[in-house]
Amino acid sequence: MKLVDHFQYGLNSPICLTWELTYACNLSCAHCLSSSGRRDPRELSTAEAKGVIDELQRMQVFYINIGGGEPTVRPDFWELLDYSIDHNVGVKFSTNGLKIDKKRAAQLAATDYVDIQISIDGATPEVNDYVRGPGSYDMAIRALENLAEAGFAQPKISVVMTRQNVDQLDEFKAIADKYGAQLRITRLRPSGRGADVWDELHPLPGQQKQMYDWLVDRGDQVLTGDSFFHLSAFGEALPGLNLCGAGRVVCLIDPVGDVYACPFAIHENFLAGNVRDEGGFQKVWESSELFTELRKPQTGGACSSCMHYDSCQGGCMAAKFFTGLPLDGPDPECVRGFGEQALAARGEGHVIPKSEVDHSRTKLGKKSPVLLQLSMGRPDRACETSPLAGLGASETDSGLRLPVAGS
Amino acid sequence: MSTKSAESAGAAGVGDSSVFDPGAPYRCSPQVSLRPEPFGALVYHFGTRKLSFLKTLPLVEVVKGLEHHPDVHSAIAAAGVEEAQRPAYLKALAGLAASGTIEARQ
Ligand code: SF4
Ligand code: SF4
């Protein structure tokens with residue numbers, strides 16, 4: 001049995017746990033996966049967060065990915081970071097660079113078991129700020145400069161691949177090399193506000209091939225997580241986690257303690273429980289109904305007859321769900337084009353599932369990205385907020401269709 | 001579990017196995033945590049921050065038992081590994097030594 005075959009049935013504890021500490025954010029990126037902006041008043045307190053860390057230590061979760069929102073805007077962020085490290089739970093945190101000044105960079109350089117990931121989504125201010133907002137490129141680069149100056153070893157630069165930045169792959173690599181950083185590229189999923197801009201931002205079919213070719217050449221030098229296993233259908237399997245690990249090896253704890261199957265799946269259909277419930281996170285991980293369901297052997301549905309199914313496995317559950325496609329069928333970016341066909345076949349008036357969880361700031365400011373300003377209130381999207389959306393879902397049917405992953 | 005999975009059990013790839021001496025005493029590195037999993041164990045090295053896997057339960061036994069035995073061979077025997085599988089286990093353990101998961105003890 002290959003290791004991924006074991007992964008399908010779930011592990012005793014997650015290996016890719018993301019914890020979003022706050023929905024508050026200084027930016028309002030057009031494609032934010034968690035629709036962040038405003039702080040949620042029900043956010044876990046410092047004491048509650050420490051309780052979760054204690055639990056993760058007991059469960060031998062050796063490291064966690066902390067994100068948000070912008071996690072560093074939590075006043076207790078640095079306290080929680082130290083607490084986690086002191087309890088043998090290493091931390092990689094994602095930031096837009098806001099608080100990484102010279103002093104902080106020096107402090108971080110002196111701390112073991114901390115990884116920092118700076119987000120940029122364009123190798124130039126024009127491309128980056130279009131989606132992340134004015135000034136965000138400079139802020140990220142300043143953080144990288146401060147870290148390099150302080151001697152912080154190998155921070156990560158994390159890039160969401162879009163139609164606008166695929167051509168900049170080499171430039172991203174050059175930026176990473178310049179600051180002694182490691183490049184990480186990830187897939188744009190139609191999650192959170194990403195759903196509103198996916199049609200305009202997601203790489204075109206030719207660009208998918210371009211990314212694949214680039215990864216075949218350079219894949220060993222960049223991190224990708226589980227982003228691109230659907231591209232392995234172009235030929236060979238790429239390095240990285242080649243399966244959908246949602247609820248099996250992957251999960252998300254959100255700022256209010258809700259546990260979802262995956263950071264890209266903030267929707268009630270993928271909500272497994274809350275760390276505040278009796279039994280805490282461990283009980284949710286070990287025995288929630290949803291995660292138990294996700295760990296059952298699955299069939300490939302429409303994909304099972306595909307010769308690429310072994311490596312592609314039908315792609316990403318979240319990408320399918322938030323484009324309104326069935327979960328046991330092709331990914332919207334299926335390299336054989338079946339996803340495009342399925343998208344086209346959705347028909348007039350199809351309903352795309354929308355998350356109830358949205359902390360977007362309602363008023364846009366000068367700092368909002370151009371794209372978001374253009375996208376808000378597009379008339380052709382008005383129907384998606386129709387009061388009828390969501391009707392037709394029955395009480396007993398969670399609406400969850402299992403992802404296709406091996407059998 | 002097949003011999004084949006034990007062969008690749010180190011997950012650390014092929015390292016410099018010439019320094020691995022199964023006639024010598026070894027131990028699981030104090031920097032390493034083993035987390036029990038249905039298939040074997042997950043290995044986390046706090047120094048290198050690398051995750052790897054012990055893909056069979058007997059291999060977990062061997063690794064945990066190392067420090068109680070005068071040499072690697074007797075740790076393998078004590079874990080009930082069949083003689084025919086010994087070469088595969090030695091190869092896996094050499095990989096674990098190369099990755100720093102296990103280390104020679106004085
Ligand atoms: S739903 Fe998509 S993003 Fe989430 S774990 Fe599965 S493949 Fe990864
Ligand atoms: S048909 Fe399914 S398995 Fe085949 S390439 Fe497309 S998404 Fe992947």
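As the structure is a computational prediction, the values presented were derived from the model and not from experiment. Letters A, B, ... mirror the listed sequences (proteins, then strands); counts begin at 1.
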Could you check whether any side-chain N or O of A:Q60 sits under 3.5 Å from a backbone N or O of B:S33, counting only pairs where one atom can act as donor and the other as acceptor?
no

First locate atom NE2 of A:H6, then atom CZ of B:F53, and finally report the distance between them rounded to the nearest 0.5 Å.
10.5 Å

How close do [X] and [Y] get, heavy atom to heavy atom, and via which atoms?
X: A:M59; Y: B:R35; result: O-CD, 3.6 Å
X: B:P38; Y: A:G10; result: CG-O, 4.4 Å
X: B:P36; Y: A:N12; result: O-ND2, 2.6 Å

With a 6.0 Å cut-off on the ring centroids, do B:F39 and A:Y9 count as close?
no

Residues, nucleotides or ligands: over 12 heavy atoms within 6.0 Å of B:K64 NZ
no

Heavy-atom count around A:Q154 CD within 6.0 Å, excluding the residue itself: above 12?
yes

Below 30° counts as parallel, above 60° as perpendicular, anything between as tilted: where do the rings of B:F46 and A:F62 land?
perpendicular

Quick one: are A:Y113 and B:R49 in side-chain contact, heavy atoms under 4.5 Å?
yes

